[in-house]
Structure formats: structure tokens, C-alpha cells
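Just below is one structure, and these are the notes that go with it.
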Amino acid sequence: MSKCYWLIKSEPDVFSIDDLKKAKNQSTAWDGVRNYQARNFMRDEMQIGDQVFFYHSNATPPGIAGIAEVASEPYPDPSQFNSGSKYFDASSPQDNPRWVLRDFKYVRHLKRFISLDELKQHEALADMRLLARGNRLSIMPVDKAHWQYILKLER
DNA sequence: GCCAACGTTGGC
DNA sequence: GCCAACGTTGGC
């Protein structure tokens with residue numbers, strides 16, 4: 001399977017790209033995904049080494065802050081079994097975990113932050129999934145053409 | 001804080 | 001299987 005590109009959302013007040021950079025091994029387990037579509041992308045389609053836009057949601061302004069990469073195979077999200085976690089899922093079987101995650105590793109900040117507002121102004125990006133009406137997916141694929149276009153924008 | 005959009009749940 | 005109710009996301 002050829003290399004894919006992705007976008008993951010995080011609220012910077014909770015976990016920003018600076019937090020990822022400061023994390024142990026500059027990587028983190030991406031826990032708490034509780035959406036089947038996002039899980040399936042992470043479980044079935046990502047490949048170690050895939051490049052990922054790190055998007056700041058619920059931010060002022062929202063936008064793409066940097067780049068990370070897929071750093072592990074999928075494995076069960078431990079928070080689903082932790083009754084003290086807000087991600088606890090009592091109905092997930094221990095022997096067949098419903099929720100999986102991967103580790104993501106810091107690659108770099110973009111040379112400059114590229115806001116959602118700026119992305120919306122480019123016709124070439126008009127069909128980006130991120131910009132689709134009502135989009136709420138926290139993990140989504142990015143077309144190679146869109147990826148390359150955005151990397152040119154940062155200059 | 002508001003609210004539109006969307007996914008999930010559960011009664012029927 | 002339908003769909004109303006509900007909870008969450010996330011831009012504004």
C-alpha cells in the first residue's frame with residue numbers, strides 16, 4: 001500500500017503540538033478516539049511512517065500547527081478499561097477491545113501556523129475533507145495533492 | 001456561550 | 001428497521 005497522509009485534531013488547551021514535542025520520546029499514545037470511522041482509519045489504514053498534519057481544533061484560531069508521523073502499530077487503548085477515565089467503555093470486551101490507538105511522534109512545527117480561515121481561501125483545497133460542511137471527524141485522510149499544496153503555503 | 005451538524009442509543 | 005432524543009464536536 002502506498003504512503004498515505006492524514007490529519008489529526010487536538011484541542012491545544014488539552015494537548016498541543018508543543019506538548020507532543022515535549023513528550024517523552026516526542027511521541028504519545030493517541031487515546032480517547034471513540035468514533036468508529038476514525039478508529040478504522042487508525043486501525044486499518046495507517047502505516048508506520050505516514051505523515052500527519054497536527055491540527056489545533058477549538059483554538060483561536062483553529063488551524064494546522066505542525067507535522068507528526070505514525071509511530072506504532074495499532075494496539076488496544078488502555079483508557080477503555082480504566083473505570084476512572086472519561087474514556088472508559090464498560091461494554092468493550094477485555095478479550096476483544098473495541099478501541100485501538102497508535103503512537104504519534106513529533107516531526108516538526110510548520111514554518112508558520114496555517115489557519116482554517118486561510119485554508120478556506122484556496123480553491124485548490126475546496127474539496128478537502130477538513131473543510132466539508134459539518135465535518136467532525138478527528139482523524140481523516142488527506143489527499144496527496146492537498147498535502148503538497150499546504151506544504152507550499154507554509155513558505 | 002451558542003448552536004448546527006452529526007453519531008449513537010434505545011424504544012417501539 | 002425507523003426515528004426521536006440525546007450527547008458531542010467544533011467554529012464562531
Side-chain angles (χ1 to χ4, degrees), chain A residues 4-23 27-46 50-70 74-143 145-147 149-154:
Chain A
C4 293
Y5 298 93
W6 305 94
L7 181 145
I8 58 176
K9 296 177 182 174
S10 187
E11 300 189 23
D13 290 347
V14 179
F15 193 84
S16 71
I17 190 154
D18 296 309
D19 295 323
L20 182 62
K21 186 179 184 181
K22 286 183 289 192
S27 71
T28 194
W30 206 255
D31 67 357
V33 171
R34 296 293 181 270
N35 171 283
Y36 289 106
Q37 217 180 338
R39 179 205 66 182
N40 292 348
F41 285 139
M42 193 156 53
R43 183 186 65 187
D44 304 333
E45 300 199 35
M46 283 182 176
D50 279 357
Q51 301 290 288
V52 181
F53 281 137
F54 196 109
Y55 179 87
H56 282 175
S57 63
N58 259 318
T60 48
I64 299 172
I67 297 174
E69 68 178 22
V70 178
Y75 59 95
D77 180 343
S79 67
Q80 70 196 302
F81 301 125
N82 175 4
S83 60
S85 168
K86 68 172 176 171
Y87 300 125
F88 179 59
D89 182 352
S91 62
S92 179
Q94 286 274 353
D95 56 356
N96 184 23
R98 177 171 302 164
W99 306 112
V100 300
L101 51 68
R102 295 195 188 228
D103 295 341
F104 289 91
K105 184 173 171 60
Y106 176 82
V107 174
R108 65 179 178 85
H109 281 63
L110 292 191
K111 292 170 191 152
R112 64 182 184 84
F113 181 86
I114 299 181
S115 70
L116 176 62
D117 189 57
E118 179 175 351
L119 295 171
K120 284 177 177 171
Q121 288 166 24
H122 290 271
E123 185 62 31
L125 302 175
D127 57 346
M128 259 191 103
R129 199 157 179 161
L130 178 70
L131 305 184
R133 181 171 145 275
N135 161 66
R136 284 172 30 192
L137 259 188
S138 62
I139 296 176
M140 69 184 79
V142 174
D143 290 352
H146 292 154
W147 180 275
Y149 188 91
I150 291 166
L151 287 188
K152 285 179 189 161
L153 284 184
E154 72 173 326

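Lettering of chains follows the sequences in order, A, B, ..., and the numbering in each one begins at 1.
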Can the ring centroids of A/Phe54 and A/Trp30 be said to lie less than 6.0 angstrom from one another?
yes
Just checking, is any N or O donor in the side chain of A/Asp89 or A/Trp99 under 3.5 Å from an acceptor N or O on the other one?
yes
Are A/Trp6 and A/Phe53, when compared by the centres of their aromatic rings, separated by less than 6.0 Å?
no
Taking atom types as modelled and ignoring hydrogens, do the side chains of A/Asp77 and A/Ser79 form a donor-acceptor contact shorter than 3.5 angstrom?
yes
Protein-proximity profile, nucleotides 5-11 of chain C, B/S/- by nucleotide at the 4.0 Å heavy-atom cutoff, equals --BBBBB
Any side-chain heavy-atom pair of A/Asp143 and A/Met128 under 4.5 Å:
no
